[in-house]
Amino acid sequence: MQHWLFKTEPETYSIADLEREGRCGWEGIRNYQARNRLRDEVAVGDPVLIYHSNCAEPAVVGLGEICGAARPDPFQFDPDSKYHDPKSTPEQPRWVLVDVAYRETFAKPLTLREIKADPLFADMELVSRSRLSIQKVAPEQFDAIVRQCRG
DNA sequence: GCCAACGTTGGC
DNA sequence: GCCAACGTTGGC
């Protein structure tokens with residue numbers, strides 16, 4: 001089993017939106033390395049930290065779980081979507097999404113500031129590869145984050 | 001809103 | 001296949 005951290009911009013889709021909907025398709029991933037991970041490595045049942053990016057206080061805010069394996073992202077075929085890709089066809093889809101189920105909203109979100117300040121997290125992709133939106137998290141780091149976030 | 005980092009595109 | 005130009009991400 002692999003542990004993950006998925007980024008989302010809360011103005012677009014927040015942990016509160018996921019809580020309300022119960023589950024969602026994680027659409028709009030348009031980066032090849034992230035796509036490859038979704039397609040080849042993300043598995044149903046994997047736990048996912050939900051991270052709010054590009055906002056006042058970037059932080060790990062909740063917990064989800066993969067509830068659907070990779071499938072073509074339907075927005076790539078929609079000319080009206082900002083995720084439209086004219087080079088993608090239903091016969092040869094370029095982009096995939098996975099489905100994420102809501103699990104938990106953390107009582108104490110762990111901020112990026114706190115993560116950067118803790119040597120335990122120094123080698124996280126969040127620190128070293130900050131622009132990748134589908135990140136792998138080592139199990140012991142994942143557990144430490146969840147523990148801190150539950151207070 | 002700025003801008004550094006870095007991924008993608010396309011001419012050659 | 002190199003690399004300059006360009007676009008996007010995301011912290012600050």
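Here is the naming used below: chain letters follow the sequence lines, and residue numbers restart at 1 for every chain.
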Compile the donor-acceptor pairs under 3.5 Å between side chains in residues 60-71 of chain A and protein atoms, sequence neighbours left out, one pair per line.
from    : atom 1 : to       : atom 2 : distance (Å)
A:Glu65 : OE1    : A:Arg103 : NE     : 3.1
A:Glu65 : OE1    : A:Arg103 : NH2    : 3.4
A:Arg71 : NE     : A:Asp99  : OD2    : 3.0
A:Arg71 : NH2    : A:Asp99  : OD1    : 2.9
A:Arg71 : NH2    : A:Asp99  : OD2    : 3.3

Response to the item:
For A:Thr111, the side chain to side chain donor-acceptor pair (under 3.5 Å) test, sequence neighbours excluded, returns A:Glu114
Discussion item. In terms of relative ring orientation, are A:Phe6 and A:Trp26 parallel, tilted or perpendicular, with 30° and 60° separating the classes?
Written reply: tilted
Worksheet entry | In one Ile/Leu/Val/Met/Phe/Trp/Tyr side-chain cluster, 4.5 Å: A:Ile15, A:Ile29 | yes
Item to complete: Measure from the side-chain N and O atoms of A:Asn31 to the backbone N and O of A:Leu132, and report whether any donor-acceptor pair falls under 3.5 Å.
Response: no
Worksheet item: Going by atom types alone, do A:Glu27 and A:Tyr13 pair a side-chain donor with an acceptor below 3.5 Å?
Response: no
Worksheet item: Do any pairs count as a salt bridge (Lys or Arg N to Asp or Glu O under 4.0 Å) and have a residue in residues 41-60 of chain A, sequence neighbours left out, and if so which ones?
Response: A:Glu41-A:Lys136, A:Glu57-A:Arg113
Worksheet entry | Residues A:Asn54 and A:Glu11: side-chain donor-acceptor under 3.5 angstrom | no
Worksheet item: 5' to 3' on DNA chain B, which nucleotides open and close the contacts with chain A (atom under 4.0 Å from a heavy atom)?
Response: B:dA5 to B:dG10
Item to complete: Could you walk me through whether A:Val96 and A:Arg35 pass the side-chain contact (heavy atoms from CB on, under 4.5 Å) test, one step at a time?
Response: CA-CA 7 Å; A:Val96 300; A:Arg35 188 277 312 270; 4.3 Å; yes
Worksheet entry | Partners meeting side chain to side chain donor-acceptor pair (under 3.5 Å) with A:Tyr83 (sequence neighbours left out) | none
Worksheet, complete the sentence: Residues passing the side chain to side chain donor-acceptor pair (under 3.5 Å) test with A:Arg37, sequence neighbours excluded, are A:Glu125
Practice prompt. Can you pull out how bent the helix from B:dG1-C:dC12 to B:dC12-C:dG1 is, comparing the axes over its first five and last five pairs, to 10°?
Written response: 10°
Worksheet item: Tell me, which of residues 124-137 of chain A have any heavy atom that sits under 4.0 Å from an atom in DNA chain B?
Response: A:Arg129, A:Arg131
Worksheet entry | Of all pairs that satisfy salt bridge (Lys or Arg N to Asp or Glu O under 4.0 Å), the ones with a partner from residues 82-97 of chain A, not counting sequence neighbours | A:Asp85-A:Arg94
Item to complete: Starting from the 5' end of DNA chain B, give me the residue, A:Arg94 or A:Asn54, whose nearest nucleotide shows up first.
Response: A:Asn54
Worksheet entry | Positions of residues 32-42 of chain A (non-hydrogen atom under 4.0 Å from DNA chain B), listed by number | A:Tyr32
Worksheet entry | Exceeds 12 heavy-atom contacts within 6.0 angstrom, atom CD of A:Glu140 | yes
Item to complete: Measure the CZ-CH2 distance between A:Arg30 and A:Trp95 for me, rounded to the nearest 0.5 Å.
Response: 6.5 Å
Worksheet item: Using a heavy-atom distance cut-off of less than 4.0 Å, which residues of residues 73-92 of chain A contact DNA chain C?
Response: none
Item to complete: With sequence neighbours excluded, tell me which residues meet side chain to side chain donor-acceptor pair (under 3.5 Å) with A:Ser14.
Response: A:Asp17
